[in-house]
There are 2 protein chains.
Amino acid sequence: MVKNTGRPGYLQIADDLRAQIRGGSLAPGTPLPSTAQLAEQYDASLSVVKMAVGILRNEGLVIGQQGKGVFVREAEEPPPARDDEVAELRAAVQDLSVRLAKVEEQLATSTTRRSGRSSR
Amino acid sequence: MVKNTGRPGYLQIADDLRAQIRGGSLAPGTPLPSTAQLAEQYDASLSVVKMAVGILRNEGLVIGQQGKGVFVREAEEPPPARDDEVAELRAAVQDLSVRLAKVEEQLATSTTRRSGRSSR
DNA sequence: CAAGCCAACTAGGTTAACTATGTTGGTGAA
DNA sequence: TTCACCAACATAGTTAACCTAGTTGGCTTG
């Protein structure tokens with residue numbers, strides 16, 4: 001609900017969601033409520049919710065899938081998180097992974113000559 | 001200048017600043033250029049610069065002081081024992097990143113899939 | 001000269017609007 | 001039934017605008 005403490009709203013929401021994930025209230029694999037729902041739930045604007053989710057996404061706690069939702073990531077292993085450098089590398093690998101998957105799919109669809117649907 | 005690779009601008013700027021910090025181009029204790037200056041330098045909007053700086057702030061690489069500026073955090077980083085491994089991973093990620101970016105660009109430019117989607 | 005005010009900077013937070021892109025389900029036509 | 005299209009909804013990225021608040025230096029005033 002974003003109390004009026006000194007802590008900014010987007011951090012409060014991020015904290016709350018993080019706690020729910022760590023506490024098991026939001027199990028791995030399950031989707032978070034949509035941005036709009038969270039905004040209403042916390043009585044915040046869409047922007048701050050997006051920022052909060054962005055933080056968790058950056059932390060690797062959740063994975064956003066465009067068009068579907070934001071899902072709690074499976075397998076959370078905290079051990080070597082000593083360095084933020086490791087966290088950074090993890091984020092980089094995650095990023096590369098997503099991009100690679102995209103490229104691979106693009107290659108697959110173009111080579112199998114599947115009739116593509118034209119968006120928009 | 002925020003190239004047109006798949007990577008969003010705020011991450012590109014964050015990466016660049018992070019590299020400058022780690023590379024020593026931005027020494028500990030020195031201030032980053034102001035938000036406005038960075039925005040002009042990268043030819044980006046103030047918003048994306050603020051997002052980029054926010055990431056670094058979140059990572060603990062820099063410390064923002066309201067009214068003064070954003071300063072590179074004093075070293076104080078206990079060099080991880082397995083420096084070699086981290087360095088190696090970093091190099092690998094860097095290499096993959098470059099190669100992936102190349103492939104992505106190739107796909108983006110060469111495959112204007114039939115059935116439209118001509119934009120870009 | 002010294003105190004205090006003020007204007008101009010700074011970072012930080014919030015909101016709204018727009019675009020792009022992906023997913024999904026329903027509808028209607030062949 | 002099956003396919004094509006479309007509307008609705010989702011995340012993601014970007015931009016612009018406005019506000020708060022801290023810092024600094026110059027200027028005015030006592």
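Keep in mind that the numbers below use all heavy atoms, side chains included, and drop hydrogens, waters and symmetry copies. Throughout, protein chains are lettered first and strands after them, A, B, ... in sequence-line order, and every chain is numbered starting at 1.
Nearest heavy-atom pair, A:Leu46 versus A:Ala39, reported as atom, atom and distance to 0.1 Å: CD2-CB, 3.8 Å. The nearest pair of heavy atoms linking B:Ile13 to B:Ala52 is CG2-CB, 3.7 Å. Of all non-hydrogen atoms in A:Leu26 and A:Pro31, the two that sit nearest each other are CD2-O, 4.5 Å.
Distance from the side chain of B:Pro8 is smallest for D:dG13 among the nucleotides D:dG13, C:dT15, D:dT15. When the nucleotides D:dT15, C:dA11, D:dT14 are ranked by their closest atom to the side chain of B:Gln66, C:dA11 comes out on top. Counting only heavy atoms from C-beta on, B:Val70 has its side chain closest to C:dG12 among C:dT21, C:dG12, C:dT14.
Toward the 5' end of DNA chain C, the nearer of the two residues B:Ser34 and A:Lys68, judged by each one's closest nucleotide, is B:Ser34. Ranked by how close their nearest DNA chain C nucleotide is to the 5' end, A:Gly67 and A:Val48 are led by A:Val48.
Straight-line distance from the CD atom of A:Glu40 to the P atom of D:dA10: 12 Å, rounded to whole Å. Straight-line distance from the CZ atom of B:Arg7 to the P atom of D:dA12: 14 Å, rounded to whole Å. Whole-Å rounding puts the A:Asn58 CG to D:dT11 P distance at 18 Å. The separation between B:Ile63 atom CD1 and C:dG12 atom P is 11 Å, rounded to whole Å. Rounded to an integer number of Å, the gap from CG of A:Leu46 to P of D:dT14 is 18 Å. One can place CG of A:Leu11 at 7 Å from P of C:dG13, the figure rounded to the nearest angstrom. If you measure from atom NZ of B:Lys50 to atom C1' of C:dG12, you get 6 Å, rounded to the nearest angstrom. In this structure, the CE atom of A:Met51 is 14 Å from the P atom of D:dT14, given to the nearest Å.
Heavy atoms of other residues, nucleotides or ligands lying less than 6.0 angstrom from CD of B:Gln20 number more than 12.
Residue contacts shown for B:Thr35 are limited to sugar-phosphate atoms, with no base heavy atom under 4.0 Å away.
At D:dT15, one or more side-chain N or O atoms of B:Ser45 fall inside 4.0 Å of OP1 or OP2 (strictly under the cut-off). Between B:Arg57 and the phosphate of C:dG12, there is a side-chain N or O to OP1/OP2 separation shorter than 4.0 Å. For the pair A:Tyr10 and C:dG13, the criterion of a side-chain N or O lying under 4.0 Å from OP1 or OP2 is met.
The backbone N or O of A:Arg7 lies less than 3.5 Å from a partner atom in the side chain of A:Gln12, making a donor-acceptor pair.
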